[in-house]
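Take a look at the structure set out below.
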Amino acid sequence: MAPRKSSYRPVPAGFFSAGTVAVARALLGKILVSQSPEGRTAGRIVETEAYLCDDAACHASRGETKRNRAMFGPAGRSYTYLIYGMYRCFNVVTGPKGVGEAVLIRALEPIEGFDLMAMRRGVAEPKALCSGPGKLVIALGIADLPDGSDLRKVPLMVAEERAEAVGPGAKVRGGAGTAAAAGIKVTTRIGISKDAHLPLRFYLEGSPWISRK
DNA sequence: AAACGGATGGGCT
DNA sequence: GCCCATCCGTTTG
């Protein structure tokens with residue numbers, strides 16, 4: 001039985017207003033839900049990276065430009081950019097208005113819309129669907145999401161971890177699958193050269209869905 | 001298992 | 001002209 005729409009609830013309005021590192025950690029375990037004409041796809045966030053205003057690897061570290069404008073806007077909006085001429089990476093904007101910070105979403109555990117994800121990605125292997133920032137953008141079909149989109153509404157929503165379907169035989173999910181229970185691992189960020197030593201990558205310990213060990 | 005190169009285009013010195 | 005917050009297929013050990 002397909003999950004009902006009501007099973008996804010956006011995170012509270014103030015969720016994104018915490019510090020960028022705190023949001024990067026809090027996003028682990030949350031659900032990213034993409035609603036498109038083709039159907040709904042969703043995945044559990046298992047890997048993130050924080051980009052700070054005084055951090056040389058951050059697109060916003062040298063001031064506001066046409067490209068990074070959304071990073072200086074209010075928290076809880078989207079910032080998506082083109083990388084290597086072929087892929088797009090999706091970020092959750094954080095920090096107060098006027099401060100350019102964001103959290104890169106690096107990997108998801110697919111939880112809904114496998115077939116649609118597989119078709120968009122051109123692969124069937126579940127582990128290959130969302131295990132990287134470029135991959136998950138393709139799988140969710142969000143490459144053309146306008147910068148500054150409100151992430152508490154369709155077409156792209158950050159939702160609370162979903163309670164399992166209610167009913168006879170429905171299995172109750174305890175803390176086993178939550179971020180807190182799994183534990184959060186901290187490492188340096190992937191694919192950058194500037195300020196590469198900073199411990200700003202976060203992932204759910206033991207998750208087989210992350211982009212890299 | 002790890003290393004490497006090609007694809008491909010915008011942003012910035 | 002060089003640098004990318006990447007991915008994938010191929011080569012090498």
Side-chain angles (χ1 to χ4, degrees), chain A residues 16 19-28 32 34 41 43 45-73 75 77-95 99-110 117-149 151 156 158 184-204 207-213:
Chain A
F16 302 102
T20 297
V21 167
V23 175
R25 303 179 73 114
L27 279 169
L28 296 176
L32 193 57
S34 171
T41 47
I45 298 170
V46 297
E47 180 181 348
T48 62
E49 283 178 359
Y51 287 86
L52 311 178
C53 61
D54 58 349
D55 149 23
C58 179
H59 290 172
S61 66
R62 269 165 296 189
E64 185 173 335
T65 66
K66 183 171 190 174
R67 174 175 72 151
N68 66 24
R69 185 171 334 282
M71 294 183 76
F72 291 85
R77 308 298 184 91
S78 65
Y79 166 58
T80 306
Y81 67 91
L82 178 69
I83 185 67
Y84 295 109
M86 313 187 65
Y87 299 100
R88 290 193 169 271
C89 292
F90 166 74
N91 295 257
V92 174
V93 172
T94 53
V99 176
E101 303 198 336
V103 174
L104 171 70
I105 307 301
R106 283 199 58 91
L108 306 175
E109 171 186 345
M117 288 185 184
M119 181 168 62
R120 287 168 170 160
R121 286 275 296 120
V123 296
E125 168 56 47
K127 293 258 182 50
L129 293 177
C130 298
S131 53
K135 297 179 190 178
L136 69 91
V137 162
I138 295 169
L140 295 190
I142 55 174
D144 297 323
L145 182 74
D147 275 359
S149 296
L151 297 176
L156 187 65
V158 176
I184 296 175
K185 197 87 172 168
V186 185
T187 73
T188 54
R189 294 170 293 182
I190 291 176
I192 59 166
S193 53
K194 296 176 260 184
D195 275 344
H197 65 284
L198 298 175
L200 293 174
R201 172 175 176 246
F202 309 91
Y203 64 88
L204 293 185
S207 173
W209 306 99
I210 62 176
S211 65
R212 284 173 50 176
K213 268 306 210 184

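We name chains A, B, ... by the order of the sequence lines, and we start the count at 1 in each one.
Counting non-hydrogen atoms under 4.0 angstrom, Arg67(A) reaches the backbone sugars and phosphates but no base. Nucleic acid contact for Gly134(A): sugar-phosphate only, since backbone atoms but no base atoms lie under 4.0 Å from a heavy atom of the residue. Using a 4.0 Å heavy-atom distance criterion, Lys213(A) is classed as making no nucleic acid contact.
Rounded to an integer number of Å, the gap from NE2 of His59(A) to P of dC12(B) is 9 Å. One can place CZ of Phe202(A) at 18 Å from P of dA5(C), the figure rounded to the nearest angstrom. One interatomic measurement links the two molecules: OH of Tyr203(A) to P of dA5(C), which rounds to 21 Å at whole-angstrom precision. The CG-P distance, from Leu52(A) to dA5(C), rounds to 15 Å in whole Å. If you take OH of Tyr81(A) and C1' of dC12(B), they are 16 Å apart, rounded to a whole angstrom. Distance Ile210(A) CD1 to dT6(C) P: 15 Å, rounded to the nearest Å. In this entry the distance linking NZ of Lys127(A) with C1' of dC8(C) reads 19 Å, nearest Å. dA5(C) atom C1' lies 17 Å from atom CE of Met86(A), rounded to whole Å.
Distances shorter than 4.0 Å separate some side-chain N or O of Arg106(A) from OP1 or OP2 on dT6(C). The side chain of Lys135(A) contributes an N or O atom lying less than 4.0 Å from OP1 or OP2 of dC8(C). OP1 or OP2 of dC8(C) sits under 4.0 Å from a side-chain N or O of Arg121(A).
Residue Ser193(A) is the one, among Ser193(A) and Val123(A), whose nearest nucleotide of DNA chain C lies closer to the 5' end (criterion: closest heavy atom).
Evaluated for a side-chain contact (heavy atoms from CB on, under 4.5 Å) with Met117(A), the options Ile138(A), Val123(A), Leu140(A) yield exactly one hit, Leu140(A). Residue Phe202(A) forms a side-chain contact (heavy atoms from CB on, under 4.5 Å) with just one option from Ile184(A), Ile45(A), Leu27(A), and that option is Ile184(A).
Of the candidates dA7(B), dC8(C), dA5(C), the closest approach to any side-chain atom of Tyr51(A) belongs to dA5(C). Taking every side-chain heavy atom of Ile192(A) into account, dA5(C) is the closest of dA7(B), dG10(B), dA5(C). Side-chain proximity of Leu104(A) to dC7(C), dA5(C), dC4(C): nearest is dA5(C). With dC12(B), dG9(B), dC4(C) as the choices, the nucleotide that has an atom nearest any side-chain atom of Thr65(A) turns out to be dC12(B).
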Exercise for the section: Show your working on side chain to side chain donor-acceptor pair (under 3.5 Å) between Glu109(A) and Ser207(A) and close with a plain yes or no. Expected result: CA-CA 8 Å; Glu109(A) 171 186 345; Ser207(A) 173; 5.3 Å; no

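Rounded to the nearest 0.5 angstrom, Leu200(A) CG and Leu104(A) CG are separated by 11.5 Å. Taking SG of Cys130(A) as the start and CD1 of Ile105(A) as the end, the distance is 12.0 Å to the nearest 0.5 Å.
Here dC4(C) sits opposite dG9(B) as a Watson-Crick or G-U wobble pair (both hydrogen-bonding atom distances under 3.5 Å). Under the Watson-Crick or G-U wobble criterion, with both distances below 3.5 Å, dA1(B) is paired with dT12(C).
For the pair Tyr84(A) and dG9(B), the ring geometry does not qualify as stacking, because the centroid separation below 5.5 Å and plane angle under 30° are not jointly satisfied.
In this structure, Ile142(A) and Ser34(A) approach most closely via the heavy-atom pair CG2-OG, 3.8 Å.
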